[in-house]
Amino acid sequence: MSRREEKRAEQADRLAELRAREELGALRAGAGAARRAGPGRDEGPGEDGGGRSGRRTGRRDRKDAKGRKASGGSRARELFVPPRGWYGPGGGRVGYLDPPTMWRATTVQACGMWPFAAGSGSPMTGVPLGQHLFTGATVCGDPLNWFTRARYISNPSLFMLGMPGLGKSTLVNRMLIGLSATGVVPLVLGDLKPDYADTVRALGGQVISIGRGRGGINVLDPGAMGAAAARIGGEAGEVLKAETHGRVLNMVAALITIVRGRPMDDHEQSVLSAVLHHLRERTPQGRTVLLPDVLRVLAEGPDRVRAVTLDRGDDARYRDAVDPLHRSLLGILDGPLGDTFASETSTRIDPAAPAVCIDISGIGEADTQLTAAAMLAAWSDGLGTVAASHALADAGLEPRRWFFTVLDELWRPLRAASGIVDRIDALTRLNRSLGLGDAKITHTLKDAEALGTDADRAKARGFVERAGMVVCAGLPKAEMEDLGKVVGLSRREIELVSSWSSPPGWGVSGEHEEPPGRGRFLIKVGGRPGIPIKVAITDAERRLHDTNTRWTPHEKTVEGAVEQELARTAAQVARAAREGAYALPGTPEGPATGGGAGRWTA
């Protein structure tokens with residue numbers, strides 16, 4: 001019952017009580033007057049002058065008074081009693097009524113009650129997320145199922161905003177677990193805390209660590225796309241090779257953008273492309289190209305590279321054209337990025353893994369350039385694996401697989417360097433045509449306002465505008481006002497989400513007191529009214545996803561809890577994912593493997 005309904009009920013109780021007291025007072029007054037009139041007429045002669053007549057009249061009046069008293073008593077016993085009790089001392093007033101016990105069952109378990117007399121207006125397609133905040137109905141949803149099955153959204157993407165510590169990554173973790181059980185492959189491309197590494201391990205997936213002394217990524221390695229191109233062969237294989245070349249070129253350009261703080265010039269990209277072509281043609285099969293090889297070719301200056309610099313045989317003109325690029329590449333190898341991108345890829349992504357997490361939590365908080373570079377390299381490698389999987393499925397060599405990527409803490413790479421928004425936009429814009437769902441998570445829209453140029457700010461705001469689902473945790477009222485201009489929020493929705501950003505009261509005590517907005521979310525889809533939900537996590541989810549492990553030194557570590565209590569469950573989930581890894585979520589049939597099948601067609 002809402003606060004407004006409670007106030008209305010209290011007002012009705014008070015009015016009923018006042019009416020009952022007035023009726024009771026009137027009855028008591030009438031009975032008292034009758035009793036006073038009876039003895040007076042019984043004592044002396046009446047008005048007619050005779051004592052006997054007075055006595056008869058007195059008896060008759062006493063009988064009438066008794067009748068009135070009896071009728072008044074019966075009415076008093078039928079007075080309305082408020083449901084919460086009478087006001088005042090001794091009235092038995094109850095301030096809180098316990099809600100009735102709620103039971104949930106499927107149509108098989110409660111077949112005698114089906115069809116239900118009152119249906120639920122909340123969506124029931126997708127991963128079970130939680131309960132409707134007002135009705136208590138189950139709410140299900142995720143970007144992939146709402147795009148493929150329910151057709152609620154036209155783009156399989158999710159953008160989530162909210163203050164820290166309110167459960168944003170917990171909700172995404174639940175989506176990962178639910179989607180993995182239906183055969184979708186979760187890809188966490190850059191786990192910063194880490195928030196998802198233990199979940200991926202429990203699902204039997206692959207966790208790759210990146211950082212100084214932990215592992216590196218060779219951005220020139222074609223990876224899964226190169227292997228798929230060689231396997232496919234023919235014209236389709238050549239097309240995939242050309243796409244691989246473009247992806248590598250964009251990734252190196254992104255690293256140079258981070259080191260410089262500004263984008264590359266157009267002629268430098270032409271020089272870099274010529275160098276990569278030169279190396280591909282002269283590198284033996286089985287050996288991958290490294291960034292030091294690019295420096296060597298720039299120093300040598302072969303004819304193919306000189307041709308795009310327009311040096312006209314003048315070494316001085318050639319050096320003037322390539323020296324800025326040469327210095328930037330040296331900055332990648334020996335500058336703030338260290339040796340993370342100077343050697344072979346430490347661990348390649350397994351295309352057959354049921355889930356993949358690239359853990360970059362070993363990089364320091366202050367090392368913003370290396371963090372942004374590692375995230376971009378992870379995204380490029382992961383999305384290359386997605387493109388390779390779909391190319392093999394189009395060729396009929398592998399079954400169709402769907403993927404769900406998570407781009408958490410989006411504000412960190414956005415602030416790393418000017419122009420980096422273009423690279424993120426290029427990596428994530430084509431998710432619908434790639435058979436790829438994604439979830440982008442950040443704190444507020446002001447993260448975009450901190451970017452250097454108006455163009456970058458507009459592109460970052462476009463992430464929210466193009467999202468199929470927008471999920472809001474607790475946010476300040478000013479932030480909700482700005483978001484309402486993009487998404488379209490009612491005044492009631494703005495006030496509701498703003499109330500979730502309030503901290504707990506000063507009087508709370510105990511170790512497990514939580515903010516009032518933790519686990520509360522508002523799901524917005526287009527112009528539809530928002531769906532407020534509350535999420536209650538299970539013990540297994542709580543052990544898998546604890547972002548406060550540094551503040552609980554006396555408890556068991558998350559890894560130990562996973563090994564001791566979730567090993568059997570993890571094996572069952574991984575086995576189910578492998579057995580039905582290519583099934584359409586919610587349907588027994590598997591996607592078609594023919595070359596003409598669409599990326600989202602079953």
Side-chain angles (χ1 to χ4, degrees), residues 169 173 176 186-224 248 251-252 254-256 258-259 288-292 329-351 353-385 405-413 415-417 420 427 544-550 553 557-563:
S169 53
N173 247 305
L176 293 186
L187 298 176
V188 184
L189 306 177
D191 196 354
L192 287 159
K193 292 184 179 178
D195 285 336
Y196 308 95
D198 297 299
T199 300
V200 171
R201 288 192 187 98
L203 295 174
Q206 180 186 27
V207 178
I208 303 172
S209 297
I210 301 296
R212 292 188 177 92
R214 296 172 178 266
I217 296 178
N218 178 18
V219 294
L220 304 182
D221 187 356
V248 171
M251 190 59 238
V252 178
L255 294 182
I256 293 175
I258 293 174
V259 173
T288 57
V289 180
L290 302 175
L291 281 179
L329 290 173
L330 286 175
I332 294 175
L333 297 177
D334 300 326
L337 304 186
D339 58 351
T340 307
F341 307 102
S343 58
E344 295 278 359
T345 300
S346 56
T347 305
R348 288 189 175 185
I349 294 179
D350 182 8
V356 177
C357 174
I358 299 181
D359 181 8
I360 61 174
S361 60
I363 303 174
E365 292 284 341
D367 203 345
T368 57
Q369 288 188 330
L370 182 56
T371 299
M375 289 189 75
L376 282 176
W379 295 349
S380 180
D381 196 13
L383 296 180
T385 303
T405 63
V406 178
L407 311 178
D408 204 345
E409 301 293 341
L410 192 62
W411 62 273
R412 292 183 65 176
R415 296 182 182 180
I420 202 171
L427 290 174
L544 282 174
H545 183 69
D546 183 7
T547 57
N548 294 325
T549 53
R550 298 291 176 86
T557 61
V558 176
E559 290 81 6
V562 171
E563 293 176 358

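Numbering starts at 1 and runs along the sequence shown.
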Check your understanding: Do you know which two heavy atoms are closest between Thr371 and Asp367, and how far apart they sit?
Key -> OG1-O, 2.8 Å
Point to revise | Nearest-0.5 Å distance, CG of residue Leu187 to CG of residue Asp381 | key: 10.5 Å
Practice item. May I ask you to test the Val248-Val219 pair for a side-chain heavy-atom distance under 4.5 Å? Key: no
Point to revise | Gln206 side chain vs Asp350 backbone, donor-acceptor pair below 3.5 Å | key: yes
Exercise for review: Please round to the nearest 0.5 Å and tell me the distance separating atom CD of Glu344 and atom CG of Leu220.
Suggested key: 10.0 Å
Review point. Taking all atoms of both residues into account, what is the closest heavy-atom pair of Ala342 and Leu333, and its distance?
Key: CB-CD2, 3.6 Å
Check your understanding: What's the shortest heavy-atom distance between Ser346 and Gly215, and which atoms?
Key -> OG-CA, 3.5 Å
Review point. For the residue pair Pro354 and Pro186, what are the closest heavy atoms and their distance?
Key: O-CD, 3.2 Å
**Study point:** Nearest non-hydrogen partners of Ala197 and Val207, listed with the distance
**Key:** O-CG2, 3.7 Å
Check your understanding: Is it true that the side chains of Tyr196 and Asp359 contain a donor and an acceptor less than 3.5 Å apart?
Key -> no
Point to revise | Rounded distance [0.5 Å steps], CD1 in Ile358 versus CG in Leu192 | key: 12.0 Å
Study note, to complete from the structure: Between the OG1 atom in Thr340 and the CD1 atom in Ile217, the distance rounded to the nearest 0.5 Å is 9.0 Å
**Study point:** Charged N-O contact under 4.0 Å between Asp221 and Arg348
**Key:** yes
Practice item. Rounded to the nearest 0.5 Å, what's the gap from OG on Ser361 to NZ on Lys193? Could you check? Key: 11.5 Å
Review point. Is there a side-chain contact between Phe341 and Leu255 (heavy atoms, below 4.5 Å)?
Key: yes
Check your understanding: With a 3.5 Å cut-off and no angle check, do the side chains of Thr199 and Asn173 form a donor-acceptor pair?
Key -> yes
Point to revise | Worked check of side-chain contact (heavy atoms from CB on, under 4.5 Å) between Ile332 and Ile256 | key: CA-CA 7 Å; Ile332 294 175; Ile256 293 175; 3.8 Å; yes
Review point. Which atoms form the tightest heavy-atom contact between Cys357 and Val200, and what is the distance?
Key: CB-CG2, 3.7 Å
Exercise for review: Would you mind telling me which of Ile363, Leu407, Asp408, Ile360 makes a side-chain contact (heavy atoms from CB on, under 4.5 Å) with Met375?
Suggested key: Ile360
**Study point:** Residue pair Val406 / Leu176, side-chain heavy-atom distance below 4.5 Å
**Key:** yes
Review point. From Asp191 CG over to Asp198 CG, what is the distance, rounded to the nearest 0.5 angstrom?
Key: 9.0 Å
Check your understanding: Around Arg214, counting heavy atoms of other residues, nucleotides and ligands shown, do more than 12 lie under 6.0 Å from its CZ?
Key -> no
Check your understanding: Can you find a pair of side-chain heavy atoms, one from Ile258 and one from Leu376, that are under 4.5 Å apart?
Key -> yes
